[in-house]
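Letters A, B, ... mirror the listed sequences (proteins, then strands); counts begin at 1.
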There are 2 protein chains.
Amino acid sequence: MRQDELTEIRALPLFRNMEAENFDRLFRGAYVQTFPQGVELAREGEMADFFHVVLDGSVELFANWNGRKSTLATIHPLSTFILAATIKNGPYLMSAQTLEKSRMILLPSTDVRAHFAADSGFARAIVLELAQCYRVVVKSHKDIKLRTSPERLANYLLRQSATAADPSSFDLKMEKKRLASFLGMTPENLSRSIKALNTHGVEIALNNVRIVDFNLLRDYAKPDDLIDNPTI
Amino acid sequence: MRQDELTEIRALPLFRNMEAENFDRLFRGAYVQTFPQGVELAREGEMADFFHVVLDGSVELFANWNGRKSTLATIHPLSTFILAATIKNGPYLMSAQTLEKSRMILLPSTDVRAHFAADSGFARAIVLELAQCYRVVVKSHKDIKLRTSPERLANYLLRQSATAADPSSFDLKMEKKRLASFLGMTPENLSRSIKALNTHGVEIALNNVRIVDFNLLRDYAKPDDLIDNPTI
DNA sequence: CGCTCCAATTGATATTTATCAAGAGCCTAG
DNA sequence: CTAGGCTCTTGATAAATATCAATTGGAGCG
C-alpha cells in the first residue's frame, strides 16, 4: 500500500482516532485491491472474512431468496460494508459485487475484531459507523413500507438531485434494471413510473433526468427528512 | 431503583462490562418506570432524550408518513430502543408506544453518550447491541422486499412457533390489525392470508394458531436463516 | 456499415393487494 | 342482560403491481 493511500485512509473517521501503533499493525495485514466490474466480493451466508472500505468505484449489496433477487443498497466511496457481520463474527446477510471497476481496502475480520477489542478509539468510531448504517436501513425500510413505487422513485430523484452538480439535470447512476430492484419494483413498472412523473415536473430521457418543476415534484413526492435526509 | 433490579440490570450484556464506578454513576441518573398501555415514549423527529431498556411488557416501534402509519418492530424484554439515535444525538426515526403495561429503564442520552466515550467496556457492548439491531432491520428489509404477504405471514408463524412453549399451538401476541401493519399488509388482507394458509398446514381460530403440518408449512414458507433466524 | 446483443419500452393481461361497504362476533359499561 | 363500540371477517370492486410477449433502440464489434 502506498504512503499517500495510507495517509488518506488514516484520515477517515473510522481510523482517525485509532492509536498510531494499532493503525500500523492493523494495516500491515490489509490489502488495497482493485477489482474489475462484476466481481462478487461477498456471498450471503458465508462467514465475514473481510471488512471492506470502498475507496473508488461502487458496490451493490443484494440478497436472494427462493430464486428472487433484490438490490438492497449501493455503496460509494468512502463508505464501508459489511461491518456488522465482521463485528458479530456472523455470516453475511447480503451479497456484494462491484458495479464498476473499484478499489477497496480489505481488512481481515479477525484483525478488525482484535483491534476493536483493544483500541477504544477504534471501538467508538465503529459505534458511530454502525449507528449510521442502522439509520440508513431504517430509512429504507420506512421508504418501502410507507410509499408506493412512483412515490419512491420521485423521492429517489429528489435525493439524487440534492447531491448532483446541477440539481435540475443529472444522470442516473445505475442501470434502470438495478434501480428498479433497489426501489422495489419491476423494470417494466419503473418505465411506467417514469412516464407517470412527467405530470409531476420530471422528464427522463435515456439516462438523463431533468427536473423542470421542483415545486410540482415536491408536492407529489412529499420528501421527509426522517426518510430522505442522509445526513441525520 | 431497588437493589435486586440493579443487580438484574447489571447482568445485562450491555452493562455487564462497564466499570463498577461508571455503572453506579450512570444509574444515579436513571429512572425505572412503569407505564400503562398506550403511552407514547418517543415521537419520530424529536431529539432522543432517553435511551430505553424494556424490562417488562412490550413496545411498538412505528413510523408515519403522509397520513400513513406502519409498525416497524415490537420490542420485548430484555431489549433496547432506540440506541442509534441516542448515540448519534439525532432525532428518533421511529415513534414508540407501549403495547401493554410496561416497565423500563430510562437513561438520559447525554449520560449514555458520556459513558460511551469514557468507558470502553460499555462502548464495546454498545457496538454488539447496534450490530444486532442492524442485522434485525436488514432481515426485515429482506423479508419485505423478497416475499409476498402470505409468505411473510407463513414465515412469521414459523418464527413465533420456534419460541413458543408448544410449537404446534400458540397464541398471537398482537392484535391482528397491528400484525397486519407489521407484516406490511392491510387487516383485510391478513384475514385472507390466514385463510389461504389453511391449505398449507395452519389453522388459526381467533388468536390461537395451530400448526397441523409443519412440513407442509415449511414447504410453502421456505424459511431461511438469513432472514428468519434471530440468533445469527 | 450492418449485425448482434441487450437493456429499455410498450401493450395486453393476470395477479396481488387495497379499498369500500356490510355484517358477525366479542368485550365491556351501565 | 343488552347496547355500543370495537376488531375481525367477508364480499364486491378498484387500484397497484407483476408477468408475458413483442418491439424499439442504443452500444459494441467484425
Colleague: Assuming nearest nucleotide by heavy-atom distance, tell me which of A:Ser149 and B:Asn207 is located more 5' along DNA chain D.
Modeller: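 It is B:Asn207 whose nearest nucleotide is closer to the 5' end.
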
Colleague: Could you give the CD1-to-P distance, from A:Ile204 to C:dT10, as a whole number of Å?
Modeller: 12 Å

Colleague: Can a salt bridge be assigned to the pair A:Lys142 and B:Glu44 using a cut-off of 4.0 Å between side-chain N and carboxylate O?
Modeller: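 Counted as a salt bridge, because a side-chain N and a carboxylate O are separated by less than 4.0 Å.
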
Colleague: Among residues 58-72 of chain A, which ones have heavy-atom contacts with DNA chain C below 4.0 Å?
Modeller: none

Colleague: Partners of B:Arg218 by salt bridge (Lys or Arg N to Asp or Glu O under 4.0 Å), sequence neighbours excluded?
Modeller: none

Colleague: Should the heavy atoms of other residues, nucleotides or ligands under 6.0 Å from CZ of A:Arg43 be counted, would the total exceed 12?
Modeller: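 12 or below, so no.
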
Colleague: Using a strict 4.0 Å threshold on nitrogen-to-oxygen distance, state whether B:Glu151 and A:Arg68 make a salt bridge.
Modeller: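 Here B:Glu151 pairs with A:Arg68 in a salt bridge, since their nearest N and O are under 4.0 Å apart.
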
Colleague: Do the side chain of B:Ser193 and the main chain of B:Asn189 share a donor and acceptor less than 3.5 angstrom apart?
Modeller: yes

Colleague: Any residue in residues 185-194 of chain A with a heavy atom nearer than 4.0 angstrom to DNA chain D? Just list them by number, or reply none.
Modeller: A:Met185, A:Thr186, A:Glu188, A:Asn189, A:Arg192

Colleague: Is the count of non-hydrogen atoms from other residues, nucleotides or ligands lying under 6.0 Å from B:Lys177 atom NZ greater than 12?
Modeller: no

Colleague: Checking B:Glu203 now: which residues fulfil salt bridge (Lys or Arg N to Asp or Glu O under 4.0 Å) with it, not counting sequence neighbours?
Modeller: B:Arg210

Colleague: Separation of A:Leu206 atom CG from D:dT24 atom P, in whole Å?
Modeller: 17 Å

Colleague: D:dC8 P sits how many Å from B:Arg178 CZ, rounded?
Modeller: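 Taking atom P of D:dC8 as the reference, CZ of B:Arg178 is at 9 Å.
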
Colleague: Is the closest basic N to carboxylate O distance between A:Lys173 and A:Glu100 below 4.0 Å?
Modeller: no

Colleague: Could you pull out all residues at least two apart from A:Gln97 that satisfy side chain to side chain contact (heavy atoms under 4.5 Å, CB included)?
Modeller: A:Glu60, A:Phe62, A:Arg178

Colleague: Is B:Thr98 reaching over with its side chain to a backbone N or O of B:Gly38, donor-acceptor style, under 3.5 angstrom?
Modeller: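 Yes, the answer is positive, given that a donor and an acceptor are paired below the 3.5 Å cut-off.
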
Colleague: So, the side chain of B:Arg152 versus the backbone of B:Gly184: is there a donor-acceptor pair under 3.5 Å, distance only?
Modeller: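 At least one qualifying donor-acceptor pair exists.
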
Colleague: Would you indicate, yes or no, if D:dC6 has its OP1 or OP2 atom less than 4.0 angstrom from a side-chain nitrogen or oxygen of B:Lys177?
Modeller: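 So the side chain of B:Lys177 is outside the cut-off, no N or O lying under 4.0 Å from OP1 or OP2 of D:dC6.
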
Colleague: Quick one, which residues of residues 139-148 of chain A touch DNA chain C with a heavy atom under 4.0 Å?
Modeller: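 Nothing qualifies; none.
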
Colleague: I want to check one thing: is the phosphate of D:dT9, taken as OP1 and OP2, less than 4.0 Å away from some side-chain N or O of B:Lys176?
Modeller: yes

Colleague: Provide, to the nearest angstrom, the distance between the CG atom belonging to B:Asn198 and the C1' atom belonging to D:dT10.
Modeller: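 Distance check: B:Asn198 CG to D:dT10 C1' gives 15 Å.
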
Colleague: For A:Leu99 and C:dA7, what is the distance between atoms CG and P respectively, to the nearest whole Å?
Modeller: 14 Å

Colleague: Can you tell me how far C1' of D:dA16 sits from CG of A:Leu153, to the nearest Å?
Modeller: 15 Å

